Amino acid sequence: KLRAAPPNLTRFETGRCPEEGCPVLLSLHGADVELNKVWARTYDYAGAMAKPGSFPYPAWLVQPTNRGSYGSDWEEQGLDNILSSLQYVHEQLPGLPGTLEERRKTVGMDMERILVTGHSMGGHGCFVFDAHFPDQIIAAECSSSWPSIGSYNGESHTLLLNSSRLGLLKS
């Protein structure tokens, strides 16, 4: 499951995304977040450019759920979930009327300009995605993240940490 919201085209003078497509805001949730109306409205905004119930920014919003019975981290299957969610939105451009061809001309998605955000487990996912796809990232806001699920639950260290940072983490 995922939530995807198209860009607010009123933010563009032409009323459409740039030729290369609109950038993407990839938003990754934390461990205790449930798929509900509160999570889905994370980026709601009541300013002058807002339309009720729509994403107010000039970018695609992609929020994959990555949910199992008790959550998951954003490594392995979680990263696959991110990639399949981005691919689905890129190919289908959901949430707007018209044919797929009409949507591609108006609200295409630029997979080379991704802003990734996340908090806690989502911050970890932000870190993982950024480490795997640095050339596609225009910005990352990885907040309160852990370096691996192993370091979070005390099992072990991660290869993403060098020995100096591991020492600080363990101290």
Side-chain angles (χ1 to χ4, degrees), residues 1-30 33-68 71-143 145:
K1 293 182 177 181
L2 79 129
R3 176 172 188 251
N8 180 346
L9 297 178
T10 64
R11 299 293 182 105
F12 298 102
E13 289 182 19
T14 61
R16 61 187 325 137
C17 290
E19 189 175 320
E20 64 275 6
C22 280
V24 180
L25 172 56
L26 175 63
S27 175
L28 306 176
H29 64 75
V33 175
E34 296 179 24
L35 178 59
N36 60 31
K37 291 181 182 178
V38 174
W39 176 70
R41 298 293 178 214
T42 305
Y43 294 95
D44 276 2
Y45 160 76
M49 303 289 283
K51 293 188 290 188
S54 69
F55 186 58
Y57 305 102
W60 275 95
L61 173 64
V62 178
Q63 292 177 304
T65 61
N66 190 27
R67 300 304 292 173
S72 180
D73 65 23
W74 290 102
E75 296 178 29
E76 299 172 8
Q77 305 96 313
L79 184 57
D80 289 344
N81 185 275
I82 292 170
L83 298 175
S84 63
S85 295
L86 286 169
Q87 189 66 29
Y88 171 78
V89 176
H90 182 252
E91 289 176 0
Q92 300 301 316
L93 304 171
L96 291 172
T99 67
L100 183 55
E101 190 58 38
E102 290 169 341
R103 291 193 305 264
R104 282 198 175 115
K105 289 179 184 174
T106 307
V107 291
M109 189 170 152
D110 186 350
M111 296 287 282
E112 300 299 317
R113 293 187 305 148
I114 299 174
L115 165 67
V116 59
T117 67
H119 176 263
S120 190
M121 183 182 82
H124 167 71
C126 175
F127 179 62
V128 169
F129 187 83
D130 189 35
H132 281 83
F133 303 99
D135 292 345
Q136 291 176 260
I137 303 296
I138 56 174
E141 178 55 49
C142 309
S143 174
S145 65

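Heavy-atom basis, side chains included; hydrogens, waters and symmetry copies ignored. The first residue of the sequence shown is numbered 1, and numbering continues consecutively from there. Since we're looking at a predicted model, the values are computed, not measured.
Closest heavy-atom contact between Pro134 and Ala131: CD-O, 3.8 Å. The two residues Ala4 and Leu2 have their closest heavy-atom pair at CB-CD1, 3.9 Å. For the residue pair Ala59 and Val24, the shortest heavy atom distance occurs at CB-N, 4.5 Å. Here the closest heavy-atom approach between residue Pro58 and residue Arg11 is recorded as CB-CB, 3.7 Å. Heavy-atom minimum distance, Trp74 versus Pro64: CH2-O, 3.6 Å. Minimum heavy-atom separation, Leu93 to Val107: CD2-O, 3.6 Å.
Going from atom CD of Gln63 over to atom CG of Leu28 covers 9.0 Å, rounded to the nearest 0.5 Å. Atom CG of Leu25 is separated from atom CD of Glu141 by 11.5 Å, given to the nearest 0.5 angstrom. A distance of 13.5 Å separates CG of Asn81 from CD of Glu76, quoted to the nearest 0.5 Å. Within the model, atoms NE2 of His29 and OG of Ser120 stand 11.0 Å from one another, a figure rounded to the nearest 0.5 Å.
Under the side-chain hydrogen bond (donor to acceptor under 3.5 Å, both in side chains) criterion, Gln87 pairs with Glu91, not counting sequence neighbours. The side-chain contact (heavy atoms from CB on, under 4.5 Å) search around Ser84 returns none, not counting sequence neighbours. A search for side-chain contact (heavy atoms from CB on, under 4.5 Å) contacts involving Cys126 returns Val116, Ala140, Cys142, not counting sequence neighbours. Applying the side-chain hydrogen bond (donor to acceptor under 3.5 Å, both in side chains) rule to Thr117 yields the partners Tyr43; only residues at least two apart in sequence or on another chain are considered.
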Could you pull out all donor-acceptor pairs under 3.5 Å where a side-chain atom in residues 108-115 meets a protein atom, sequence neighbours excluded?
| unit_1 | atom_1 | unit_2 | atom_2 | d |
| --- | --- | --- | --- | --- |
| Asp110 | OD1 | Glu112 | N | 2.9 |
| Asp110 | OD2 | Arg113 | NE | 2.7 |
| Arg113 | NH2 | Gly21 | O | 2.9 |

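Between Arg104 and Leu100 there is a side-chain heavy-atom pair separated by less than 4.5 Å. Contact of the Pro94 side chain with the Trp60 side chain is registered, since non-hydrogen atoms from C-beta on lie closer than 4.5 Å. Taking 4.5 Å as the limit, some side-chain heavy atom of Phe129 sits within range of a side-chain heavy atom of Ile137. Between Phe133 and Leu26, the closest side-chain pair of non-hydrogen atoms is not below 4.5 Å. Counting heavy atoms from C-beta on, the side chains of Ile82 and Val128 never come closer than 4.5 Å.
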